[in-house]
Amino acid sequence: MDQRGQTRRQILKAAIGGAAGIALGTPVRLAAATQAVSGGSGTLRLSDDLFVLRIPGEAHVVAHTGPDGVVLVDGGSAGASDALLNAVAALPGGGPVHTIFNTHWHPEQTGSNEQLGKAGRTIIAHENTRLWLTTDVTWPWNGRRFKRAPRIAQPSKTFYTTGTLDSGVRYGYIPDAAHTDGDLYVYFPKQNVLAVGDVVSGQGWPVVDWVTGGWIGGIVGGLQRLQALANEKTRIVPARGPVLGLADLKAQYEMYGTIYDRLTQLLNRGRGPSEAVAARPTKEFDAQMGNPDEFVRRAFESLWAYLSPDA
Ligand SMILES: [Zn+2]
């Protein structure tokens, strides 16, 4: 029995407990998550000192300006880093970055690490994110390979649970493994803005990166956890798509809870990933969310690490 699997199953029980009960038969209304137009491009001003930079083809970056410099949540891909940092410098009150958060290890989030690391800026991440950046990773479903990051580009300040910046900005681990096993949130209390990276997908079906720990049960657990951090007025900024509200988290929680229940039933009946896709466990959501096949396959495979008897 793998110690890690055991622990995760206990987490699952705690996190999922509520989902199964309410999911079945509950009509799901996906609010702004899918009805609003996609996030668009350009800079979105959330307050005088807080912005979302939306470069086409890139994951969103949140920028908080202040007297000591700029705090970023994520840094785009390496190819967009120069454009991004120029845009940050040009923001009202903008300037050099002094701290960047990596919401997780993916290259769409960590592409400015090298440049900022060389400049001596602080790179904050969960310890698991740092560990993934010290090793090569390959995704077996499409052969995509990720080279380890050079040492200067690795997070310089890691944590396990929560932390607070001098400015009062709070951050914390999202231990459900919704997207990877190193996901973090950053909360800006004065502006009531919660940046969540890819833990919440604001646009279409999410990537379930089970190679680095993500899984469908974690998506449900993460959505439950984030609801406890937010209130009715919190603006939630995902890595892609529009800014969301608490109602969107609730709707997504119900939807993924329903899908989770169906996939675990298929697993328990001995079905495989192709049979899971054929069973159309997302059918009533597909018109809004798009073709689910890749998502369903990855989500089903992600159950193996957590729920299989020998896990
Ligand atoms: Zn990602």
Side-chain angles (χ1 to χ4, degrees), residues 33 38-39 52-62 72-81 84 100-113 123-149 153-155 158 171-186 194-223 225-226 236-244 249 252 256 289-290 294-295 297-299 301-302 305:
S38 67
V52 184
L53 290 108
R54 302 174 300 180
I55 299 174
E58 295 287 324
H60 295 337
V61 172
V62 175
L72 292 186
V73 182
D74 289 328
S77 67
S81 180
L84 171 72
I100 181 170
F101 289 94
N102 294 156
T103 58
H104 57 292
W105 69 271
H106 287 161
E108 294 84 355
Q109 276 71 36
T110 53
S112 290
N113 279 22
I123 303 172
I124 302 178
H126 187 269
E127 174 64 11
N128 288 348
T129 293
R130 188 189 68 79
L131 289 170
W132 288 121
L133 288 170
T134 65
T135 186
D136 295 347
V137 174
T138 301
W139 282 348
W141 53 85
N142 63 6
R144 190 172 171 193
R145 301 169 81 95
F146 306 91
K147 290 292 292 179
R148 76 191 70 181
Q154 293 169 9
T158 64
Y171 56 96
Y173 184 39
I174 305 170
D176 310 280
H179 186 62
T180 71
D181 64 10
D183 302 326
L184 67 76
Y185 68 85
V186 182
L194 183 63
V196 297
D198 276 322
V199 165
V200 180
S201 176
Q203 199 168 42
W205 297 111
V207 172
V208 186
D209 180 1
W210 52 257
V211 169
T212 64
W215 77 301
I216 177 70
I219 293 174
V220 180
L223 285 162
R225 186 178 306 275
L226 292 176
I236 298 146
V237 183
R240 286 185 176 75
V243 174
L244 306 175
L249 295 190
Q252 287 205 22
Y256 288 110
M289 297 290 289
E294 279 300 298
F295 163 72
R297 193 171 286 274
R298 294 293 92 70
E301 290 167 353
S302 79

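Numbering of ligands and ligand atoms starts at 1, following listing order. Quick note: numbers below take in every heavy atom, side chains included, and nothing from hydrogens, waters or symmetry partners. Computed from a predicted model, the values in this text were never measured in an experiment.
Restricting H179 to its N, O or S atoms, the one at the least distance from the Zn ion (ligand 1) is NE2. Taking the N/O/S atoms of H106 in turn, the shortest distance to the Zn ion (ligand 1) belongs to ND1.
E108 lies apart from the Zn ion (ligand 1) in this respect, since none of its N, O or S atoms is found at a distance under 2.8 Å.
Counting all heavy atoms, side chain and backbone alike, S81 lies closest to S112 at OG-OG, 2.9 Å.
With the Zn ion (ligand 1) as the vertex, OD2 (D198) and NE2 (H104) define an angle of 90°, rounded to 10°.
Side-chain contact, T103 with D74: a donor N or O sits under 3.5 Å from an acceptor N or O.
Under the 6.0 Å cut-off for aromatic ring centres, W132 and H179 do not qualify, their centroids lying 6.0 Å or more apart.
Side-chain atoms of T110 come within 3.5 Å of backbone N or O of W105 as a donor-acceptor pair.
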